[in-house]
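Okay, so here's the structure we're looking at.
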Amino acid sequence: MLAASKKTEISITLPDGNSRSYMAGTTGMEIAESIAKSLAKAAIAIELNGKMCDLSLPIHADAKIRLIKREDPEALELIRHDCAHVLAEAVQTLFPGTQVTIGPNIENGFFYDFARNQPFTTEDFVAIEKKMQEIIERGASFEREVWDRNDAIKYFRSKGENYKAEIIEDLPADQTITIYRQGDWLDLCRGPHMPTVKHVGNAFKLMKVAGAYWRGDSSKAMLTRIYGTAWRDQKELDAHLHLLEEAEKRDHRKLGREMGLFHLQEEAQGSVFWHDKGFRIWKVLEGYIRRKQEEFGYIEVKTPQLIHSKFWEASGHWSKYRENMFVVPDVVPNTEEGEKVFKEDPKEFMALKPMNCPGHVQIFKQGIKSYRDLPVRMAEFGCCHRNEAHGALHGLLRVRQMTQDDAHIFCREEQIFDEAKLFLDMFVSTYKDFGFNDVVLKVATRPEARIGSDEVWDKSEKALMDAATAMGYKFEIAAGDGAFYGPKFEFHVKDSIGRSWTCATLQIDFNLPVRLDATYIGEDGQKHHPVMLHRAVYGSFERFLGMLIESYAGKFPLWLAPVQAVIAPITSEAADYAREIHKQMSAMGLRVELDERNEKINYKIREHSVKKVPYIFVVGAREAADKTVAIRELGGENQKVKGLEEALADFKKDASPPF
RNA sequence: GCCGUUGUAGCUCAGUCGGUAGAGCACGUCAUUCGUAAUGACGGGGUCGGGGGUUCGAAUCCCUUCAACGGCACCA
């Protein structure tokens, strides 16, 4: 820095590779002006040696630069972040005494967390947005200042901004403390910002309010978070809002009701009432994954639902997982009207299984296993109950009773790699068949509440990362998100509005077999503990089906569709023929319905189209006479007329599962 | 669990100032036999989420409770 500032001239390299000389201390804005007036007008920030900076920042050394304009992808980040500052100023102007905390960008927008005695409501949005408009209209410049750390803490404390002061106190000692002014208002911020507030523009909208814990810690204060979105122009904003509207139409809860797939009700919150049509999809999913499991060498078992607390004590669930378990007193309840349910405090407890793993270990432990028996791949469509927090429940995606396509692989340590590979093969081929492309792999590492030594955790985490790397999988690390017994792979899929859910998972567990004393006899004749891999491909049938509904927007491919075709006679003249077709198709194991109602064909077509039935077989007098069917595909304009026999053979073929 | 919002017919929603509940779709009956996204007429349907209170009178005001929704925290 010192050496550079002595230099009077510096060389600036532009994106096209050309270099120009400037006086040291020249700013990005001055460079833009020297190139073209229009560029100076359009520039909103500068990328300095790969790092985004303010246009007003003096440059003291040779550098590669790129001027950022509004149409560049980076512009959205700047617009949104500046908009968050404008929001904060507006809120503090309108509601004095409100403390500001943090206000980062998120996907498609930003939020700002405020501390105020009385939370904001969406009704405050009108006034806040109006004030934001005023602030933008006024168009103050963003001015960066470097402050002394202690002065900054003192300043924010004196203003009653305790959260900001706390943030500064926790910053690393060598961190430069910068604040940005916009007119009379200022905020602690590392920047960068656009030249003025005016650059934010008008294409912003406050979206929702929500509570959020300070520092994401539920033992700390609840702040009020205001979410907003901001774009380059009105057209982009409108497009975004339209996208959200469209996404709402794909909501599995809405489609589930409309298509008659399932329902939920108060008395069984978090547990699903599967209707005939929904359960048809379930059965197809179950058949598919059962065939897959057989192909991949799994055995299938069934273990108890209700097991004594002593068992859960041994597995570690009683101490680490009990708050999520449904505990059932092992007592005969009082049947006297108006009396307490239990005469005395129950002493013995059973619990509904929250996981299948300890049960599978019991099966593994029956008899003596040799190293030659490993790996044992033990699968179960296990119905588990978890007492999830009320606020966590969400349609099919987060329930309290779920059926997992669960399996546990008991193997030797040196088999982990092959088993992980085999699982990845199974996962990839399955998700391909369901059309999920955008899956993110995360490696979840040790949580605070855990069992097992750090040495074992080191080994497990490394094993997972090595397996992923060896398989060519890119992954993110989700620190502290592991299960209490081991680290895991989480395969994340996004729902219609972009929330990410874990479906498939693979978890390494060196702990449970030791805890429950599962052993095999090794080549050396000695007892050894196997490693256990917990894994699921769908995750749970509930969540996977919910994700499928959203991903297909209810328009299931033929092999999954709850109703694959409706046979619709045009008039009663063709009714006998329609009945015959329906009978034949049902006998072929196809899921078909007959619509004999005395309604116009238009009406029938509209109704079944709205219900997203993939095919409608329209038959009138003509088809009955010729022994043909007119096949109308969902959303299609044209129909295909085929001979009945050919049509049924083709349909059967098209309707068969991909595996 | 925490913060906010919402709860009226099967669904989507209206209901003003507190005066005893309404529409469209769906459903039922009748008529219509109509060839590719809504045929017409008539009819039935609600303890206004539950409980309590204020009031001559509550869907409407107050308290409480439950659930759903959006987040947070927690997790397949």
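So that the names make sense, note that chain A is the first sequence line, chain B the second, and so on, each numbered from 1.
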So CE of A:Met355 and NE2 of A:His534: to nearest 0.5 Å the spacing works out to 8.5 Å

Rounded distance (nearest 0.5 Å) linking atom CG of A:Asp406 with atom OH of A:Tyr538: 14.0 Å

Distance, rounded to the nearest Å, where [X] contributes [atom1] and [N] contributes [atom2]:
X        : N     : atom1 : atom2 : answer
A:Glu248 : B:U12 : CD    : P     : 13 Å
A:Glu267 : B:G49 : CD    : P     : 16 Å
A:Glu123 : B:C3  : CD    : P     : 19 Å
A:Arg597 : B:U29 : CZ    : P     : 13 Å
A:Phe125 : B:G4  : CZ    : P     : 14 Å
A:Leu255 : B:C11 : CG    : P     : 16 Å
A:His263 : B:C11 : NE2   : P     : 11 Å

With under 30° as parallel and over 60° as perpendicular, where do the rings of A:Phe491 and A:Phe489 fit, or are they tilted in between? perpendicular

On a whole-Å scale, what distance lies between the [atom1] atoms belonging to [N] and [M]?
N     : M     : atom1 : value
B:A23 : B:C72 : C1'   : 39 Å
B:U64 : B:G28 : P     : 44 Å
B:A73 : B:C3  : P     : 15 Å
B:A26 : B:A9  : C1'   : 10 Å
B:A59 : B:G49 : P     : 10 Å
B:C17 : B:U60 : C1'   : 10 Å
B:U8  : B:G24 : C1'   : 15 Å
B:G7  : B:G45 : P     : 25 Å

Run the side-chain donor-acceptor check on residues 436-450 of chain A: report pairs under 3.5 Å with partners two or more places apart or on a different chain.
from: A:Thr445; atom 1: OG1; to: A:Gly480; atom 2: N; distance (Å): 3.0
from: A:Arg446; atom 1: NE; to: A:Glu461; atom 2: OE2; distance (Å): 3.0
from: A:Arg446; atom 1: NH1; to: A:Asp458; atom 2: OD1; distance (Å): 3.4
from: A:Arg446; atom 1: NH2; to: A:Asp458; atom 2: OD1; distance (Å): 2.6
from: A:Arg446; atom 1: NH2; to: A:Glu461; atom 2: OE1; distance (Å): 2.9
from: A:Arg450; atom 1: NH1; to: A:Pro447; atom 2: O; distance (Å): 2.8
from: A:Arg450; atom 1: NH2; to: A:Asp454; atom 2: OD1; distance (Å): 3.2

Considering Watson-Crick and G-U wobble pairs with both distances under 3.5 Å, what does [N] pair with?
N     : answer
B:C56 : B:G19
B:A9  : none
B:G70 : B:C3
B:G45 : none
B:U36 : none

A correct 5'-to-3' footprint of nucleotides 64-76 of chain B, with B, S and - meaning base, sugar-phosphate only and no protein heavy atom under 4.0 Å, is --SSSSBBBBBBB

So, are [X] and [Y] salt-bridged, with charged N and O less than 4.0 Å apart?
X        : Y        : result
A:Asp217 : A:Arg215 : no
A:Lys640 : A:Glu633 : no
A:Arg632 : A:Glu637 : no

How would you label the contact of A:Ala568 with the nucleic acid (heavy atoms, under 4.0 Å): base, sugar-phosphate, or nothing? nothing

Would you say the base of B:U36 and the side-chain of A:Gln639 have a donor-acceptor pair closer than 3.5 Å? yes

Counting only distance, no hydrogens or angles, is the base of B:U5 paired donor-acceptor with the side chain of A:Thr122 under 3.5 Å? no

Heavy atoms of A:Gln99 and A:Glu161 approach each other most closely as CA-OE1, 3.3 Å

For RNA chain B, find the residues of residues 599-620 of chain A with a heavy-atom distance under 4.0 Å and give them by number; none if there aren't any. A:Glu599, A:Lys600, A:Ile601, A:Asn602, A:Tyr603, A:Ile605, A:Arg606, A:Ser609, A:Val610, A:Val618, A:Gly620

Side-chain donor or acceptor of A:Tyr163 paired with backbone N/O of A:Ile102 under 3.5 Å: no

If you check every side-chain atom of A:Arg257, which of B:C11, B:C3, B:A37 has the closest atom? B:C11

Would you verify whether the NZ or CZ of A:Lys220 falls within 45 degrees of the ring axis of A:Tyr213 while also being under 6.0 Å from that six-membered ring's centre? no

Test: A:Arg80 cationic atom under 6.0 Å from A:Trp231 six-membered ring centre, within 45° of axis: yes

